[in-house]
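Below is one structure, written out as structure tokens; comments come after it.
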Amino acid sequence: RFKRMRGFNVLHPIGWDSFGLPAENAAIKNGIPPRQWTNSNIQQMKATCERFGFSYDWRREISSCEPDYYRWNQWFFLKMLERGLAYRKLSKVNWCPQCQTVLANEQVVDGCCWRHESTAVEIREIEQWFWRITKYSDELLADMAELKEGWPERVLVMQENWIGKSRGARVQFALSEVQAAPLEVFTTRVDTIYGVSAVLLSPHHPSLSALIAGVPGSTAMSEQLDSMRRVNLKAADLATAEKVGFFTGRFGLNPFSGERVPVWVANFVLAEYGTGAVMCVPAHDQRDFEFAQKYRLPLKVVVQPLNGTVPRADQMEQAFTEHGRSVNSGPYSGLESSAAIEKMTADAEAKKFGEAETTYRLKDWGISRQRYWGTPIPVVYCKKDGVVGVPENQLPVRLPENVVLTGEGKSPLANVPDFLNTTCPKCGGPATRETDTMDTFVDSSWYFYRYTDAHNDHAPYDPANVQYWFPIDQYIGGIEHAILHLIYSRFFAKVMRDLGLIQHGEPVRRLFSQGMVQKGGRAMSKSHGNVVGADEMAQKYGCDTARMYTLFAAPPAKDLEWSEDGIEGCSRFLNKVYRLVDRHAPSLHSIDGNLSESFDIVHASAKEKLLLRKAHQTLKRVTNDFEVRWHFNSSIALIMEYYNEMQAQEPFEQDARPEVAKRLIELLVLMLAPITPHICEELWEMLGHSGGLRRISWPQFREDLAKEEQFEVVIQINGRVRGKIQVEDGLSDAETKERALNDQRIKHLVHGSAVAKIVVVPRKLVNIVLR
RNA sequence: GCCCGGGUGGCGGAAUGGCAUACGCAGGGGACUUAAAAUCCUCGGACCGUAAAAGGUCGUGCGGGUUCGACUCCCGCCCCGGGCACCA
């Protein structure tokens with residue numbers, strides 16, 4: 001509303017992210033079909049939005065569970081399939097036994113489901129569809145430079161960590177006694193390789209069983225391996241779990257030094273990162289240090305601090321992990337760490353036992369869900385042609401209704417023969433449909449583009465519309481979206497750009513992370529069951545009061561423990577404003593309150609001056625609070641102060657011309673209009689205006705009206721306030737100083753002391769520093 | 001462990017190096033009223049001081065620093081919230 005008053009063409013849309021598990025679970029619990037349950041919720045929420053006057057553009061309303069929306073999810077899927085961005089593979093997945101479905105990596109929190117905080121995620125092997133978000137890892141990282149201005153730093157940091165780029169080298173350790181492919185390790189500190197005491201393998205390392213076969217004691221080792229693999233701790237516990245390992249009986253050869261080093265299995269080596277094998281350098285890695293201490297592996301110092309001495313191996317209490325200078329490192333001794341890394345990597349490449357490599361923590365996005373209430377994946381399986389995408393002209397693949405929902409670990413769609421059995425688009429022979437549905441984060445990854453063209457039935461949107469509106473000027477959302485939704489959306493924009501649909505690569509220019517509203521110390525949410533109904537508040541106090549109070553309670557960036565203490569104050573205030581207007585409206589009804597550009601405050605009465613100044617000073621700060629700072633609570637406080645001043649000057653119409661009196665009241669109403677639109681419409685009409693506030697501009701701030709003639713200057717002695725004087729504008733520093741020193745009380749206090757210095761801040765303060 | 005936020009009256013919070021506690025809530029006192037509601041006026045950081053004033057000292061998580069002057073900037077801690085976490 002404020003931006004519209006400022007003359008902007010504002011697109012303020014609304015839509016319903018309406019697919020997903022909660023609807024399905026509620027349907028199972030209550031015996032209502034998900035669509036019915038979902039749509040009745042939408043009706044209710046829509047009524048609330050309308051009641052509160054949120055001024056959404058309802059012509060652009062969308063709902064992701066409708067075929068006219070989700071067909072475009074399917075369309076994007078097919079585009080990705082064509083381009084090799086969608087692929088299917090048997091993979092270990094996170095499985096939530098409560099949800100009975102797969103979770104994306106992003107949906108696993110502390111080793112548990114993001115919805116079921118106490119349910120540990122299991123690992124299962126299932127055929128899954130993936131989207132190749134990792135193809136964009138570098139770009140997702142690099143383009144964050146564009147977002148530095150408009151995005152909160154913490155969100156960027158979280159995304160950067162999530163992508164987790166690290167540069168290093170992959171180095172081969174040949175096995176010394178067996179005929180087998182060399183072990184490959186990934187390291188970011190190849191400069192420490194002369195300090196290697198062992199090669200450590202993950203318990204899940206693929207060549208492990210072949211490696212230990214035939215080694216004495218291999219049966220015991222297999223048992224030990226089995227138990228290590230079974231341990232399925234929460235990620236958080238994993239980080240603090242005790243380090244355990246055993247020697248495999250095999251040896252590898254350090255390609256740089258030629259040294260023979262033992263190969264160990266260690267529980268803390270991650271299988272899914274790098275190569276699943278690392279080099280163990282106890283002197284320069286804290287984890288290796290702890291492991292080596294426990295198993296008495298040798299410790300060899302190969303890096304020393306730049307301005308220190310070589311620490312004695314037997315006196316080290318922890319690993320020295322920083323960069324420094326190489327020592328005991330053959331031909332590389334004496335090089336600084338970064339130079340050593342560069343040279344050793346180059347040499348490894350030249351001698352073909354290693355190469356530079358960059359790894360990422362980001363993994364491809366698994367989008368298959370074994371549940372009903374989502375977008376069907378538009379693929380059929382044919383005995384002859386294999387995996388075949390559904391042709392575009394057959395979209396949407398409709399989600400069948402009247403399906404028996406079981407909530408058990410496979411998609412209910414597999415039990416719907418009419419859906420399941422189809423013909424192959426290629427050969428016309430019998431085929432079956434994919435029965436998994438898409439992760440609902442697909443729905444929310446591109447929905448905002450649809451707002452520009454919500455009813456297009458031959459494309460997700462007309463690129464020309466997107467060209468006009470995008471990138472989004474201002475996106476608002478909770479911090480919980482920092483990684484999941486906001487990284488998927490950025491990925492989607494890049495895919496759409498590569499499809500030639502859009503010109504830009506970043507969908508959101510400015511992001512505002514609002515605080516979470518809490519109740520009883522937890523985020524207010526349906527799943528916690530601690531939601532305070534907005535309708536009840538509106539019922540009791542009116543929706544303008546409710547709107548005002550939610551803005552007044554705290555700045556929007558802040559988390560807020562919800563309480564309705566204080567809403568009475570907003571209610572009282574709006575009543576006072578109403579009475580003020582009601583009091584003056586009859587006499588001012590037919591007056592033109594538009595002060596001309598040439599209106600000169602010099603000729604105004606004292607009361608006119610006082611109130612016009614207050615009004616325009618308020619206007620200046622309120623405008624800034626709305627536009628720049630987003631501190632709606634303090635803008636409301638300012639408007640209250642302005643009202644208080646008007647109230648204190650009553651009856652001001654006696655000392656103010658009617659057009660001035662009217663303008664003063666109009667300014668109050670206009671500043672409140674974005675906050676409490678309904679009452680302001682009424683007040684505006686009472687003041688004699690027809691046609692409503694719809695096309696009324698935000699009032700123009702006038703410096704000349706806001707300007708003070710007199711200023712209160714604080715007099716300090718040694719930084720403590722000791723007096724105040726009134727000075728007129730334009731008084732020189734010297735004169736201000738003079739006046740301050742002539743003040744009776746100051747004279748008295750300064751008397752007899754030596755003045756070391758006097759600081760004058762024009763129109764504000766004089767500080768007299770006594771020695 | 002690392003990275004972000006945050007810590008101000010009884011409460012929500014204000015103050016972008018210049019009068020700390022604006023605005024509002026709750027509370028005390030008063031006016032109006034037969035009474036209540038509503039409304040209006042008024043007082044509220046702590047301590048010392050005073051018959052009451054006037055004054056004074058301390059005070060924005062703790063300890064230092066920079067500055068004429070610090071809630072604000074710098075350094076070091078503590079506590080709370082969030083994120084990442086055996087990523088080699």
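We use all heavy atoms of the structure for the numbers below, so side chains are in, but hydrogens, waters and symmetry mates are not. Chain identifiers are assigned alphabetically (A, B, ...) following the order of the sequence lines, protein sequences preceding nucleic acid strands; residue numbering begins at 1 within each chain. All of these numbers come straight from a predicted model, not from anything done at the bench.
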- What closest approach, in Å, do A/Val303 and A/Glu322 show between heavy atoms, and which atom pair accounts for it? CG1-O, 4.2 Å
- Measure from CG on A/Asp565 to C1' on B/G10 and round the result to the nearest Å.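 So the CG-C1' distance, A/Asp565 to B/G10, works out to 12 Å.
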- Roughly how many Å is it from CZ in A/Arg720 to P in B/A20, rounded to a whole number? 9 Å
So what does [X] hit on the nucleic acid, given a heavy-atom distance under 4.0 Å: a base, only sugar-phosphate, or nothing?
X	answer
A/Val269	base
A/Asn644	sugar-phosphate
A/Glu712	base
A/Asn633	sugar-phosphate
A/Val769	sugar-phosphate
A/Gln716	base
A/Lys724	base
A/Arg572	sugar-phosphate
A/Arg722	sugar-phosphate
A/Val157	sugar-phosphate
A/Pro152	nothing
A/Arg170	nothing

- Query: Would you say the ring centroid of A/Trp630 lies under 6.0 angstrom from that of A/Phe512?
  - Reply: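 Yes, the ring of A/Trp630 comes within the 6.0 Å limit of the ring of A/Phe512, centre to centre.
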- Return the orientation label for the A/Trp264 and A/Tyr295 ring planes: parallel under 30°, perpendicular over 60°, tilted otherwise.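 Taking A/Tyr295 first and then A/Trp264, their aromatic rings sit tilted (interplane angle of 30° to 60°).
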- Message: Can a donor-acceptor pair be found, under 3.5 Å and without considering hydrogens, that links the side chain of A/Asp191 to the backbone of A/Ile341?
- Response: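 No.
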- Item | Toward the 5' end of RNA chain B, by each residue's nearest nucleotide, A/Lys576 or A/Arg154 |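 The residue closer to the strand's 5' end, by nearest nucleotide, is A/Arg154.
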- Would you tell me if any nitrogen or oxygen in the side chain of A/Arg629 comes within less than 4.0 Å of OP1 or OP2 on B/A15?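 Yes, within the criterion.
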- Query: Is the closest basic N to carboxylate O distance between A/Lys294 and A/Glu242 below 4.0 Å?
  - Reply: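 Here A/Lys294 pairs with A/Glu242 in a salt bridge, since their nearest N and O are under 4.0 Å apart.
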- For B/C11, the Watson-Crick or wobble partner whose two distances fall under 3.5 Å: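 Its partner is B/G24.
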- Message: Give me syn or anti for B/G28, where syn covers glycosidic angles within 90 degrees of 0.
- Response: anti
